[in-house]
Amino acid sequence: MIPFTYNAPGSIDEAVATVDPMGPAGQGGAFLAGGTTMLDLMKLTVVSPPSLTDIQKLGLDEIVQEGDQVHLGARVTMAQAAEHPLLRDGAPVLSEALWKAASPQLRNVATLGGNVLQRTRCPYFRDNVSPCNKREPGSGCAAIGGINRLLAVLGTSENCIASYAGDFANALILFDAVVETERPDGGRDIAFDALHLLPQDHPERETVLEDDELITGFRLTVPEWARRSRYIKVRDRESYAFALTSAAVALDMDGDTVREARVAVGGAATVPWRAEAVEDFLAGQALTEEVAMEAGRIAFEGAQGYEHNAFKIPLGQRTVAKALLDVAAIDQTPTGGGSE
Ligand code: SF4
């Protein structure tokens with residue numbers, strides 16, 4: 001690990017004033033929350049921030065209901081959120097996305113703010129040797145012609161096909177969430193679906209956040225009918241594995257007919273991926289197996305498969321279809337905390 005400066009400020013103002021916007025190696029300082037991604041990447045020297053600003057003294061660790069909205073502090077842990085009744089009972093898709101990620105040990109320390117910013121698991125990004133436009137802009141992409149089984153088929157560019165590795169973000173995006181941030185010159189709200197950037201020509205730039213911008217929390221509106229929701233995750237093993245494909249679904253139903261659908265796809269896209277064309281297609285439809293399969297097909301329109309990951313397209317289509325049918329089959333009573 002390359003030496004760095006460690007700071008542990010006692011206030012948000014101090015924290016955003018402390019973090020270095022740009023260090024000598026062209027990398028800015030970084031905030032440290034749970035550290036479950038950051039410290040790994042520092043040990044691998046994939047990233048080498050000149051300073052870490054630890055936010056553990058800043059609070060930001062509560063979940064509260066504010067009118068018709070739920071507020072999640074950025075330092076709420078994954079385990080804490082997964083077990084909270086506002087998520088577990090009010091929107092099981094959020095709780096399940098958290099329970100089905102990582103391991104119990106990681107969920108006890110990883111925070112929601114860090115989780116939505118977790119980096120890709122593309123092996124070429126992490127090996128620190130191969131050409132990788134995300135790690136070293138302009139160097140090329142070893143994955144496009146290499147081993148790309150786990151990488152993305154939606155939202156890719158000729159410069160990067162890295163898949164977004166998280167689960168929670170794919171559920172959060174269903175609820176028009178807002179990201180609250182602070183900077184030295186003041187805070188702002190960012191629509192969650194505008195937080196992550198497609199790789200396009202600059203895969204090294206993953207979000208709209210500035211170097212000295214700290215996520216302090218999230219606000220989301222959870223409708224009563226979100227009790228009817230699920231997160232389906234397909235992976236190589238049933239625990240401690242990243243998604244090959246996943247689907248986050250919430251349905252407002254009138255009998256067998258969809259009044260409103262919220263659908264997102266994970267494991268197969270470069271960013272958290274809300275499937276709005278699917279939502280438009282489903283509104284007013286009776287949710288039969290045939291309609292669910294067509295919804296899955298629509299979710300992957302425009303997808304581009306590569307040598308080893310083209311299987312994700314039919315698998316993802318069926319994942320969306322299964323999630324829709326599973327959600328349509330449940331009533332709106334609480335479903336519990338999910339399982340690993
Ligand atoms: Fe790097 Fe992206 Fe290519 Fe992976 S897919 S090697 S992260 S540029």
Side-chain angles (χ1 to χ4, degrees), residues 1-2 23 25-28 30 35-49 101-102 106 110 114-170 173 193-209 211 233-236 240-246 264-273 299-300 302-313 315-316:
M1 189 182 286
I2 294 172
Q27 291 196 37
T36 54
T37 293
M38 176 63 73
L39 297 182
D40 278 358
L41 293 178
M42 288 176 70
K43 289 174 188 170
L44 294 167
T45 65
V46 171
V47 299
S48 50
L106 289 168
N115 185 257
V116 302
L117 298 178
Q118 71 175 292
R119 312 294 301 277
T120 183
R121 306 302 294 195
C122 174
Y124 302 106
F125 171 71
R126 297 172 70 92
D127 73 10
N128 219 3
V129 175
S130 304
C132 173
N133 289 321
K134 188 180 285 297
R135 175 171 31 79
E136 190 177 337
S139 63
C141 173
I144 289 177
I147 305 298
N148 46 46
R149 179 174 179 271
L150 298 178
L151 303 188
V153 296
L154 290 167
T156 59
S157 79
E158 62 184 10
N159 298 302
C160 181
I161 61 170
S163 50
Y164 175 75
D167 294 294
F168 177 62
N170 303 318
I173 204 170
D193 62 4
L195 177 67
H196 296 86
L197 295 171
L198 291 167
Q200 298 182 326
D201 291 336
H202 291 284
E204 77 280 6
R205 186 150 168 71
E206 297 180 348
T207 73
V208 299
L209 296 174
D211 283 345
K233 182 173 179 178
V234 179
R235 43 189 165 170
D236 285 328
Y240 198 39
F242 292 92
L244 296 171
T245 61
S246 67
V265 170
T270 53
V271 294
W273 191 269
F300 280 78
Q304 181 179 352
Y306 297 82
E307 183 176 357
H308 307 106
N309 72 352
F311 75 95
K312 285 193 175 188
I313 298 174
L315 180 63

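Atoms within a ligand are numbered from 1 in the order they appear, just like the ligands themselves. Being a predicted model, the structure only gives us computed values, none of them experimental.
The shortest side-chain heavy-atom distance between E206 and T270 does not fall under the 4.5 Å cut-off. Contact check for V47 versus M42: side-chain heavy atoms found under the 4.5 Å cut-off.
The contact set between ligand 1 and I161, taken as ligand atoms under 4.0 Å from a residue heavy atom, comprises 5 (S). Under a 4.0 Å criterion applied to the non-hydrogen atoms of N159, ligand 1 contributes the atoms 8 (S).
Looking at N133, its side chain never comes within 3.5 Å of a backbone N or O of C160 through a donor-acceptor pair. Distance alone, capped at 3.5 Å, is enough to place a donor-acceptor pair between the N128 side chain and the L44 backbone. Between the N309 side chain and the G305 main chain, no donor and acceptor come within less than 3.5 Å of each other. In this structure, the side chain of S246 does not engage the main chain of A243 through any donor-acceptor pair within 3.5 Å.
Contacts between I144 and ligand 1 below 4.0 angstrom, taking non-hydrogen atoms only, are absent altogether.
A side-chain donor from one of S130 and D127 sits under 3.5 Å from a side-chain acceptor of the other.
Not counting sequence neighbours, the partners of Q200 by the side-chain contact (heavy atoms from CB on, under 4.5 Å) test are L198.
Atoms of the protein (N, O or S only) found under 2.8 Å from atom 1 (Fe) of ligand 1 are C132 SG.
Not a single heavy atom of N148 lies less than 4.0 angstrom from ligand 1.
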